[in-house]
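Letters A, B, ... are given to chains in the order of the sequence lines, protein chains preceding strands, and every chain is numbered from 1.
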2 protein chains.
Amino acid sequence: MAAPARPTYAVIAKTAGVSEATVSRVLNGDDSVHPERARRVQEAVDKLGYKKNRVASALASGRTGLIAVVIDDDLSVFADPFYGTVTSGVSRILMENGLQTVLMVSPVGSLDGSVAHYLKSGEVDGAIFFALHSDILINSLKKLGLPLVITGTPHSSSDVAFVDTDNFGGGHSATKHLMSNGAKKVAIITGDIGTTAAKQRLDGYLQAYRESGHVPAKGLICEGDYSFEAGKAHCEKLLDAHPDVDGIFASNDLMALGALTVLRDRGIAVPEQVRVVGFDDSLIAQTSAPALTTIRQDVVALGEAAGSLMIAQLNGQDWEPVILPTELVIRASA
Amino acid sequence: MAAPARPTYAVIAKTAGVSEATVSRVLNGDDSVHPERARRVQEAVDKLGYKKNRVASALASGRTGLIAVVIDDDLSVFADPFYGTVTSGVSRILMENGLQTVLMVSPVGSLDGSVAHYLKSGEVDGAIFFALHSDILINSLKKLGLPLVITGTPHSSSDVAFVDTDNFGGGHSATKHLMSNGAKKVAIITGDIGTTAAKQRLDGYLQAYRESGHVPAKGLICEGDYSFEAGKAHCEKLLDAHPDVDGIFASNDLMALGALTVLRDRGIAVPEQVRVVGFDDSLIAQTSAPALTTIRQDVVALGEAAGSLMIAQLNGQDWEPVILPTELVIRASA
DNA sequence: ACTACCCGCGAAACCGCTTTCACGGATTCA
DNA sequence: TGAATCCGTGAAAGCGGTTTCGCGGGTAGT
């Protein structure tokens with residue numbers, strides 16, 4: 001009554017009349033096996049419903065078929081649908097390539113936390129990092145030769161594979177859109193300026209200003225942190241200090257929503273008096289009132305690109321960083 | 001210049017002057033080893049910075065230290081912050097217990113999809129299911145003796161471990177809150193009625209009605225699907241058919257937001273003319289205008305409970321289903 | 001025709017840890 | 001004091017694949 005034991009190479013080999021070595025060759029796509037024998041092996045495999053034991057395979061070959069997805073933070077970050085979406089994109093690509101995703105949500109910080117240990121102990125074939133606060137662990141893992149992919153532009157310019165949204169371009173086109181609709185005095189509420197993404201979006205904003213032949217007035221650049229509260233607070237301050245502000249580019253939708261809330265409370269018409277553009281095109285951009293004009297980033301594609309970059313590295317193929325284009329989505333707010 | 005090979009039992013055993021068997025015993029907490037020898041082993045381990053090779057361990061013991069988290073859906077579901085949050089809660093608990101989380105986002109459906117194969121092939125020690133559409137795979141896995149946990153109440157009443165929010169209680173207190181604030185005609189926009197959660201929230205609503213001594217008028221029960229669009233559409237229909245509706249309980253915040261949008265567009269004051277209560281207490285409940293009164297469920301706790309239930313099963317301990325309480329969060333909308 | 005090579009294939013070592021089994025010595029019981 | 005029991009321990013047999021090594025036969029070169 002015991003579960004029918006899963007077949008092993010031994011039984012495949014016997015029923016196919018070949019050696020275990022040959023079974024292994026066939027199952028691993030070694031083409032130096034005579035077609036006829038390969039066929040016999042394949043038949044035996046099919047007939048017995050054989051599925052390779054990945055653990056044994058991993059031990060012998062040193063490849064585990066596992067890729068770590070490391071989210072450098074405590075629980076809060078993962079509540080952001082952004083990461084969930086990226087992760088599912090990664091997961092899909094990996095699964096298509098016979099790899100599994102090992103999820104690790106933890107502050108990464110030091111070189112000898114449990115995450116670091118795990119990654120260094122050879123239990124995964126590669127690692128993909130999200131929301132990385134520091135490059136220190138990266139560099140150390142890189143030395144070990146572990147294939148790595150980072151989502152987001154890394155701080156230091158080491159030769160690590162990464163995927164990112166075109167934050168600069170997004171910031172640029174958001175700002176330009178505001179200006180071309182007549183906004184003269186466009187403010188920006190940045191994200192956490194410690195992140196490269198926030199920095200790049202700001203650069204795009206500055207570039208658009210430059211192209212317009214103007215200079216952002218002092219105080220129009222507000223350093224936020226991607227939170228709803230920051231969006232509200234900075235919008236209040238902006239309106240107080242610059243009552244003639246007529247455009248706001250918020251570095252994410254959540255802050256844009258914060259700004260929208262303040263504007264509504266003050267009875268300021270959007271977009272008639274102040275135009276607002278967000279970034280992300282998250283769900284809240286579609287459901288806000290007025291619906292938010294925003295910069296869409298293709299989050300699933302980001303995840304898939306990260307997965308593909310990992311696959312490429314594992315296969316020893318060439319790769320280069322992926323920068324995904326953004327798209328201006330025009331709704332009611334600007 | 002090769003990376004210093006990781007030590008194995010062989011070298012630990014030699015430097016400690018004991019056999020490999022003894023090393024294994026010490027490292028696995030077998031207390032039948034003489035303390036002095038155990039100490040010597042421990043010293044050798046520390047000195048050499050030994051870390052057990054989990055793959056080899058898995059092969060020999062049949063325990064992989066991996067728990068699958070299976071999300072029965074395509075990419076879209078994971079975009080819901082709910083699942084990300086639950087997952088991180090699970091992950092944290094598992095990690096604390098030396099287990100890793102293997103994430104699988106895929107439609108589960110049949111008994112022989114790739115997910116099913118993976119789970120059945122002994123590469124994980126247990127599986128936790130989210131958003132399960134059918135119990136068929138569950139039953140089949142249960143037979144194999146694989147430890148299972150389901151988040152959400154399963155359809156069939158098999159003896160599978162599960163964790164869930166008190167949906168009934170939440171629906172009940174949402175409805176009661178609306179009524180005790182004076183609402184006479186309270187409608188409900190349900191979630192996807194195929195889910196047990198939506199069903200239970202509806203039951204809570206009905207129970208509250210029963211307790212009030214009234215009966216919901218025909219047409220006050222609208223079958224939605226958790227989407228923003230459904231919230232809007234049903235709210236429109238409600239207002240048209242029952243202009244005197246003065247309370248709406250939406251089965252999630254997103255539909256509540258849809259209702260709010262319609263109400264604003266029609267110039268109906270919230271909460272003065274119509275009170276609205278949502279469910280979840282997600283980010284959008286805090287950022288909507290007016291801020292949404294809603295039923296909070298502790299999503300992180302849900303994940304942690306799922307993780308703990310898995311641990312208990314792995315340890316052969318007794319367990320029983322976990323139902324987490326909800327909390328009424330009163331904001332501006334009701 | 002003889003040596004040199006190449007090629008497909010099986011035997012066997014190996015990956016690193018777990019677990020069974022049996023042994024020697026100490027302890028207990030009669 | 002002899003037999004029965006118990007205990008800590010090491011030798012060794014796996015776990016189920018992968019990979020090296022070398023053999024035998026066929027092909028090619030001279």
Side-chain angles (χ1 to χ4, degrees), chain A residues 2-42 44-45 48-66 98 118 120-125, chain B residues 2-42 44-45 48-66 98 118 120-125:
Chain A
R6 293 170 82 222
T8 66
Y9 271 18
V11 351
I12 301 284
K14 196 183 305 173
T15 67
V18 301
S19 73
E20 296 188 24
T22 296
V23 175
S24 178
R25 292 193 181 99
V26 172
L27 265 48
N28 292 311
D30 183 332
D31 53 357
S32 70
V33 177
H34 188 95
E36 167 57 18
R37 306 182 134 248
R39 195 186 53 70
R40 289 225 308 279
V41 170
Q42 198 55 58
V45 166
L48 283 80
Y50 173 81
K51 281 279 287 175
K52 187 144 69 182
N53 179 327
R54 280 162 154 276
V55 176
S57 171
L59 177 58
S61 69
R63 273 169 270 112
T64 61
L66 263 29
Y118 188 76
K120 288 180 181 171
S121 68
E123 289 160 43
V124 294
D125 293 346
Chain B
R6 293 217 282 145
T8 66
Y9 272 16
V11 352
I12 300 284
K14 197 183 304 174
T15 68
V18 301
S19 73
E20 297 189 23
T22 297
V23 175
S24 177
R25 292 191 182 99
V26 172
L27 265 51
N28 291 311
D30 183 332
D31 53 357
S32 71
V33 176
H34 188 95
E36 167 57 17
R37 306 183 135 246
R39 196 186 51 71
R40 290 224 308 280
V41 171
Q42 198 54 58
V45 166
L48 283 80
Y50 174 81
K51 282 278 287 174
K52 185 145 68 181
N53 179 326
R54 279 161 155 277
V55 176
S57 172
L59 177 58
S61 69
R63 274 170 269 112
T64 61
L66 263 29
Y118 189 76
K120 288 180 181 171
S121 67
E123 289 161 43
V124 294
D125 294 346

Sugar-phosphate or base contact per nucleotide [nucleotides 6-13 of chain C; S, B, -; heavy atom under 4.0 Å]: --SBBB--
Identify the two heavy atoms, one from [X] and one from [Y], that lie closest to each other, and give their separation to 0.1 Å.
| X | Y | value |
| --- | --- | --- |
| B/G62 | B/D125 | O-OD1, 4.2 Å |
| A/P7 | A/L48 | CG-O, 3.8 Å |
| A/A38 | A/V33 | N-CG1, 4.0 Å |

Residues within residues 53-62 of chain A bordering DNA chain C, heavy-atom distance below 4.0 Å: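 Result for residues 53-62 of chain A: A/L59, A/A60, sorted by number.
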Could you state the atom-to-atom distance from [atom1] of [X] to [atom2] of [N] in whole Å?
| X | N | atom1 | atom2 | value |
| --- | --- | --- | --- | --- |
| B/K51 | C/dG16 | NZ | P | 16 Å |
| B/L27 | C/dT19 | CG | C1' | 15 Å |
| B/I12 | C/dT18 | CD1 | C1' | 16 Å |

Going by side chain to side chain donor-acceptor pair (under 3.5 Å), name the residues that satisfy it together with [X], two or more places apart in sequence or in a different chain.
| X | answer |
| --- | --- |
| A/D30 | A/S32 |
| A/R39 | A/E36, A/E43 |
| A/E123 | A/S121, B/R54 |

Nucleotides bounding contact with chain B, strand DNA chain D, heavy-atom threshold 4.0 Å: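 Reading along DNA chain D, I get D/dG8 to D/dG16.
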So, taking the atom named [atom1] in [X] and the one named [atom2] in [Y], what distance separates them when rounded to the nearest 0.5 Å?
| X | Y | atom1 | atom2 | result |
| --- | --- | --- | --- | --- |
| A/H34 | A/R40 | NE2 | CZ | 9.5 Å |
| B/N53 | B/T8 | CG | OG1 | 10.0 Å |
| B/K52 | B/N28 | NZ | CG | 3.5 Å |

Sugar-phosphate only, base, or nothing, as touched by A/S24 at under 4.0 Å among non-hydrogen atoms: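 Since a base atom lies under 4.0 Å of A/S24, the category is base.
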